[in-house]
Number of protein chains: 2
Amino acid sequence: MQNAMRRTKADAEKTRETILATAEQLFLRNGVAHTSLEQVARASGVTRGAIYWHFQNKSHLLNEMLNQVRPRPEKLAERLNAPTATHPLQNLRDLFVEIMAGLAGNEQKRNILTILLLRCEFTDELSDAEERHTDFINQFIALSEEQFGCERVRLRPGISARLAARLLHATLIGMLSDRLRDPALFDTQAEAPAMIDALFSGLLVDWQIAGHGASA
Amino acid sequence: MQNAMRRTKADAEKTRETILATAEQLFLRNGVAHTSLEQVARASGVTRGAIYWHFQNKSHLLNEMLNQVRPRPEKLAERLNAPTATHPLQNLRDLFVEIMAGLAGNEQKRNILTILLLRCEFTDELSDAEERHTDFINQFIALSEEQFGCERVRLRPGISARLAARLLHATLIGMLSDRLRDPALFDTQAEAPAMIDALFSGLLVDWQIAGHGASA
DNA sequence: TTGTTTACAAACGTATTCGTATGTAACAGC
DNA sequence: GCTGTTACATACGAATACGTTTGTAAACAA
């Protein structure tokens, strides 16, 4: 009726992306559970019919949204095991800084991670999303542990590779959480290097602040 | 009908507490938004009438629940400014360890904090809860910054008191998050001291591992 | 003893929300 | 040019969920 109703493949894809982008905004503002598909449809200029055509239901829609920015685990391993010219933990350090920088520079990543951490309830209906999330966390910790366990790495006495890995992950998650909750809290991009270097100095006996001279 | 229906003051209070305890379990399992007051009522052995008698609505019920374990800000300041026999940051360190230990030892605290961090959406309806939460965070950071800014504290070059405070808070939140998400991830009580000491070693030039000898 | 208040239960009415089922206009292939 | 399929809009039905109102037995006060 109201629309010209010409629906080519490209149009359909555009509709799908509009729905995803609109849902992103609404989920971010109102929370996932507090956003109905009717609201998403209206704000997208379509009806629920369109949403149910493109997605099975709300949780599948959310999963598709998360998949847009979810890092693939194999990329992580590949990234960390690349050869490093300086310290064996240089890759891990750089990754940390990159993650924080990527968050500052990419609004979509920021929005979706905010939804994941602050605007959604991990319940049965999202159990597969939670599971993959947990898997990713465990893999991050396992890979970090490998890095810290490298024989060239000299941990402080009393610090095991596993403990170092978990402390690193906790710090990462905490910084993301704090930063997402209050964007004005600190300048992620500028201060992340100092923070990670401080952390590494606490974990290692021989960490030289490598941020500005040795790498890149 | 079914109940003897004798309702003294004590009975009413018991009903109220039952509702709170039941809601705690259901919120924890299913998330706040995905739990209806009808479900809470049934699991409590009452009707919604009882819930609406004791609480205005679901968000007020949640707020009352949070108030059961919310630390009062003035306690925090008092705690941190107590005289310390050893290092000026000893109080901050001990507080960190205590928080993690309290979490391990107190199921109610653990449940409610889990609800707050993982099972609830911060939306308009919970805006006052969120506001107080944010206020508490900012106060924690401000107080920590004061501690780190103490003249007897020797921060590493490149580390400001504010940065140290924010890194500490991020690490605390991250450890709580990780631990609540996966209770088997690490032994909070046993490993927290090593973690905080590692962090402080990275922030300060003169931090001696003080966990086992210096402080009572 | 009687009236009032407490502490709920039960009933009411409305508004969403979901999933599905059906209708339909335009495109794509032949 | 006809047909099947795509990409939706519309309609349907059932199930909550919420907040309020009303009913009521027991406690409590006088």
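Just so we're clear, the structure is a prediction, and the values are computed from it rather than from any experiment. We name chains A, B, ... by the order of the sequence lines, and we start the count at 1 in each one.
Contacts with DNA chain C (heavy atom under 4.0 Å) in residues 52-66 of chain A: A:Tyr52, A:Asn57, A:Lys58, listed by number. Listed in residue order, the members of residues 36-43 of chain B having a heavy atom less than 4.0 Å from DNA chain D are B:Ser36, B:Leu37. Sorted by residue number, the members of residues 12-23 of chain B with any non-hydrogen atom under 4.0 Å from DNA chain C read B:Ala12, B:Thr15.
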For residues 65-74 of chain A, which side-chain N or O atoms pair as donor and acceptor with protein atoms under 3.5 Å away, sequence neighbours left out?
unit_1	atom_1	unit_2	atom_2	d
A:Asn67	OD1	A:Arg70	NE	3.3
A:Asn67	ND2	A:Asn63	O	3.4
A:Gln68	OE1	A:Gln108	NE2	3.1

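For residues 17-44 of chain A, the salt bridge (Lys or Arg N to Asp or Glu O under 4.0 Å) pairs, not counting sequence neighbours, are A:Glu38-A:Arg42, A:Glu38-A:Arg48. Among residues at least two apart or in separate chains, ring pair (Phe, Tyr, Trp, His ring centres under 6.0 Å) pairs with a member in residues 89-141 of chain B are B:Phe122-B:His133, B:Phe140-B:His169. Sorted by first and then second residue, the salt bridge (Lys or Arg N to Asp or Glu O under 4.0 Å) pairs with a member in residues 95-109 of chain B read B:Arg79-B:Glu98; sequence neighbours excluded.
With sequence neighbours excluded, the residues satisfying salt bridge (charged side-chain N to carboxylate O under 4.0 Å, His left out) with A:Arg166 are B:Glu191. Residues satisfying the salt bridge (charged side-chain N to carboxylate O under 4.0 Å, His left out) test with A:Glu145, not counting sequence neighbours, are A:Arg162. For A:Phe148, the ring pair (Phe, Tyr, Trp, His ring centres under 6.0 Å) partners at least two apart in sequence or on another chain are A:Phe200. In terms of the salt bridge (charged side-chain N to carboxylate O under 4.0 Å, His left out) criterion, A:Arg110 has no residue partners (sequence neighbours excluded). Under the side chain to side chain contact (heavy atoms under 4.5 Å, CB included) criterion, A:Thr22 pairs with A:Thr18, A:Leu26, A:Ala43, A:Ser44, sequence neighbours left out.
A:Leu28 contributes atom CG, which lies 5.5 Å from atom CD1 of A:Ile115 (distance to the nearest 0.5 angstrom).
In terms of position on DNA chain C, the residue among A:Gly49 and B:Ile51 whose nearest nucleotide sits closer to the 5' end is B:Ile51.
Across the protein-nucleic acid pair, B:His34 atom NE2 and D:dA15 atom C1' stand 16 Å apart, rounded to whole Å. One can place NZ of B:Lys9 at 13 Å from P of C:dT5, the figure rounded to the nearest angstrom. Between the CZ atom of A:Arg48 and the P atom of D:dA9 there is a distance of 12 Å, rounded to whole Å.
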